[in-house]
Amino acid sequence: MPSLVNTLIEQVRGGRRRSIGQLITRVENGDVAAKEVLRELYRDTGRAHVVGVTGPPGTGKSTLVNEIAKTLRRQKKSVAIVAVDPSSPFSGGALLGDRIRMRDLSGDEGVFIRSMATRGSLGGLARATSDVVGILDAAAFDVIIVETVGAGQAEVDIARAAHTVIVIESPGMGDEIQTIKAGILETADILVVNKADRPGADRTVKALRAMLQMGASSGPLRHHGQIMATSANPDGAESAQPGWIPSVYETIATEGKGVEAVVETVRSHMSYLNSSGELAKRELAQSRRKIDAMLQEAFTARLNNAVEPTEMERIVAAVAERRLDPYSAVEQLLNGVPM
Ligand SMILES: Nc1nc2c(ncn2[C@@H]2O[C@H](COP(=O)(O)OP(=O)(O)OP(=O)(O)O)[C@@H](O)[C@H]2O)c(=O)[nH]1
Ligand SMILES: [Mg+2]
């Protein structure tokens with residue numbers, strides 16, 4: 001009889017929705033069997049185009065993602081959507097955006113939609129999201145769209161794990177300032193001003209263009225020559241991807257307007273990543289980050305296993321009271337952790 005793990009692996013590879021859903025739930029719950037499946041599926045990953053969509057709350061991300069998915073379906077591409085909601089304690093279910101989407105996209109075998117919510121730390125959410133993307137990749141979806149609310153570092157991390165990052169703004173309300181604060185603009189490959197039917201859209205577009213140029217031209221001069229040498233982009237000094245200049249698009253997601261141009265740019269961004277060698281560089285950087293994060297997680301788990309909480313408190317108090325220096329404390333703790 002095939003084991004549970006083998007069955008899951010085969011069914012996920014075959015794109016069976018129920019099994020994909022089950023495996024994702026196992027990942028969210030930190031199930032040990034899930035880890036074994038992920039290990040086996042890893043070699044089937046690296047084929048999908050992962051697109052991150054982020055931006056301030058309510059800018060129309062879900063509506064636009066829905067429209068992007070519909071456009072991709074017309075091009076016969078299969079699409080998986082992962083909606084990450086850091087503010088919601090619910091998961092796997094019906095967030096508002098998904099209910100809207102379900103109406104349009106449900107019943108289509110080429111679309112898979114899943115919500116993920118915070119369980120414990122946000123770092124954990126970033127890890128779980130990356131595992132879920134891996135599952136959908138192994139299940140052979142052509143495009144995987146990860147929607148996050150661009151509000152904090154964890155969301156930036158989740159977006160950074162994508163090949164192509166779309167940052168969405170909407171007119172007014174000082175949204176663009178929110179974005180700058182979170183450092184999200186720097187991660188953008190494509191900028192979208194949605195709700196272009198609203199007054200002030202032109203101003204938001206101009207503001208974003210100005211910010212892009214400021215970011216590009218205020219780069220440290222000492223980097224300039226080096227970047228010029230590797231890039232066709234004359235003001236790419238601050239750009240995360242020399243050679244690719246993010247452009248600003250206007251959309252009215254509720255009417256599907258402007259969406260095709262965005263989808264076309266998503267496609268050409270992947271061509272750029274491929275032809276410039278940037279894709280391989282990103283894969284290296286992402287693999288390094290993933291290993292780093294997993295190492296830290298594993299080490300923390302070992303440390304917590306090896307040192308009783310009361311013992312830790314005793315050491316912390318000793319350092320606070322200057323009876324012990326932190327250097328010796330760390331050495332002492334390290335000696336107690338089996339390697
Ligand atoms: N006028 C106008 N309204 C829009 C447009 N796109 C989305 N909306 C509306 O804006 C509201 C928020 O849309 P969502 O797609 O849920 O926005 P979101 O960014 O996913 O929201 P969160 O996930 O909660 O951050 C909804 O009422 C949409 O109908 C647009 O182009 N024009
Ligand atoms: Mg949403």
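All residue numbers refer to positions in the sequence shown, counting from 1.
Asn194 and Thr251 form a side-chain donor-acceptor contact under 3.5 Å, judged by distance and modelled atom types alone. Between Glu147 and Thr54, the side chains place no donor N or O within less than 3.5 Å of an acceptor N or O (distance only, hydrogens not considered).
Trp244 places a side-chain N or O within donor-acceptor distance of the main-chain N or O of Asp189, the cut-off being under 3.5 Å. Under the 3.5 Å distance criterion, the side-chain polar atoms of Ser276 are matched with a main-chain donor or acceptor of Tyr272. In this structure a side-chain-to-backbone donor-acceptor pair under 3.5 Å is missing from His49 to Val143. Here the side chain of Asn29 pairs no donor or acceptor atom with the backbone of Asp31 at under 3.5 angstrom. Using a distance-only test at 3.5 Å, with no hydrogens or angles considered, no donor-acceptor pair links the side chain of Arg26 to the main chain of Lys35.
Leu38 and Met116 fall within a single hydrophobic cluster, where Ile, Leu, Val, Met, Phe, Trp and Tyr side chains are chained together by heavy-atom contacts under 4.5 Å. No continuous path of hydrophobic side-chain contacts links Ile24 to Tyr42 [ILVMFWY only; heavy atoms under 4.5 Å]. Linking ILVMFWY side-chain heavy atoms closer than 4.5 Å, directly or via other members, places Val259 and Ile252 in two distinct hydrophobic clusters.
For the pair Thr265 and Val263, the minimum side-chain heavy-atom distance is 4.5 Å or more. Within the 4.5 Å cutoff, side-chain heavy atoms of Val193 are placed close to those of Leu208. Two residues are said to be in side-chain contact when any heavy atoms from C-beta on lie closer than 4.5 Å; Ile166 and Val262 meet this criterion. Leu191 places none of its side-chain heavy atoms less than 4.5 Å from the side chain of Tyr249. No side-chain heavy atom of Leu333 sits under 4.5 Å from any side-chain heavy atom of Val337. At least one side-chain heavy atom of Ile113 sits under 4.5 Å from a side-chain heavy atom of Val111. Counting heavy atoms from C-beta on, the side chains of Val51 and Val146 never come closer than 4.5 Å.
Judged as a side-chain contact (heavy atoms from CB on, under 4.5 Å), and not counting sequence neighbours, the contacts of Leu334 are Phe299, Val330. In this view, Arg198 and Pro171, Lys195 satisfy the side-chain contact (heavy atoms from CB on, under 4.5 Å) rule, not counting sequence neighbours.
Residues Thr164 and Val266 share a closest heavy-atom pair of OG1-O, 4.3 Å. Among all heavy-atom pairs drawn from Arg73 and Val79, the shortest one is CD-CG2, 4.2 Å. For Lys61 against Ile168, the heavy-atom pair with the smallest separation is CA-CD1, 3.8 Å. For the pair Val319 and Ala329, the tightest heavy-atom approach, listed with the atom from each and the gap, is CG2-CB, 3.9 Å. What you find for Glu250 and Ala201 is that their closest heavy atoms are OE1-CB, 3.9 Å. Residues Ile20 and Ala139 share a closest heavy-atom pair of CD1-CB, 3.7 Å.
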Checklist entry - Given Ser19 and Arg13, is the side-chain hydrogen bond (donor to acceptor under 3.5 Å, both in side chains) satisfied, shown in steps? => result CA-CA 10 Å; Ser19 308; Arg13 276 193 188 128; over 6 Å; no
Item to check | side chain to side chain contact (heavy atoms under 4.5 Å, CB included) assessment of Leu303 paired with Met312 | outcome: CA-CA 10 Å; Leu303 183 71; Met312 185 57 107; 4.2 Å; yes
Next on the checklist: What verdict does the side chain to side chain contact (heavy atoms under 4.5 Å, CB included) test give for Asp44 and Arg47, after you've listed the backbone C-alpha separation in whole Å, the side-chain angles of each residue and the deciding distance to 0.1 Å?
Outcome noted: CA-CA 8 Å; Asp44 301 319; Arg47 295 179 296 198; 3.9 Å; yes
Checklist entry - After noting the C-alpha distance and the side-chain angles of Arg114 and Glu28, does the key distance pass the side chain to side chain contact (heavy atoms under 4.5 Å, CB included) rule? => result CA-CA 12 Å; Arg114 177 73 181 219; Glu28 287 181 314; 2.9 Å; yes
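Summarising the local packing, CZ of Arg18 is surrounded by 12 or fewer heavy atoms from other residues, nucleotides or ligands at distances under 6.0 Å.
For residues 299-308, the set of pairs meeting the side chain to side chain donor-acceptor pair (under 3.5 Å) definition, not counting sequence neighbours, is empty. Evaluation of the side chain to side chain donor-acceptor pair (under 3.5 Å) test over residues 252-264, restricted to residues two or more places apart or in two chains, returns Glu255-Lys257, Glu264-Arg267. For residues 131-145, the pairs satisfying side chain to side chain donor-acceptor pair (under 3.5 Å) are Ser78-Asp142, Arg127-Asp131, with sequence neighbours left out. Applying the side chain to side chain donor-acceptor pair (under 3.5 Å) test to residues at least two apart or on different chains, the pairs with a partner in residues 324-339 are Asp325-Ser328.
Ser287 contributes atom OG, which lies 13.5 Å from atom CZ of Arg282 (distance to the nearest 0.5 angstrom). Taken to the nearest 0.5 Å, the CZ atom of Phe141 stands 10.0 Å off from the CD1 atom of Ile81. Remark: Gln22 CD to Arg16 CZ distance equals 8.0 Å, nearest 0.5 Å. Atom OG1 of Thr71 sits about 9.5 Å away from atom CG of Asn66, to the nearest 0.5 Å. Atom CG in Leu273 sits 6.5 Å away from atom CD in Glu278 (nearest 0.5 Å). Atom CD of Glu297 and atom CG of Asp292 lie 12.0 Å apart (nearest 0.5 Å).
Applying side-chain contact (heavy atoms from CB on, under 4.5 Å) to Val12 and the options Thr7, Leu136, Leu41 leaves one that passes, Leu41.
Ion pair Arg39/Glu36 not flagged as a salt bridge, since none of the NZ, NE, NH1 or NH2 atoms sits closer than 4.0 Å to an Asp/Glu carboxylate oxygen.
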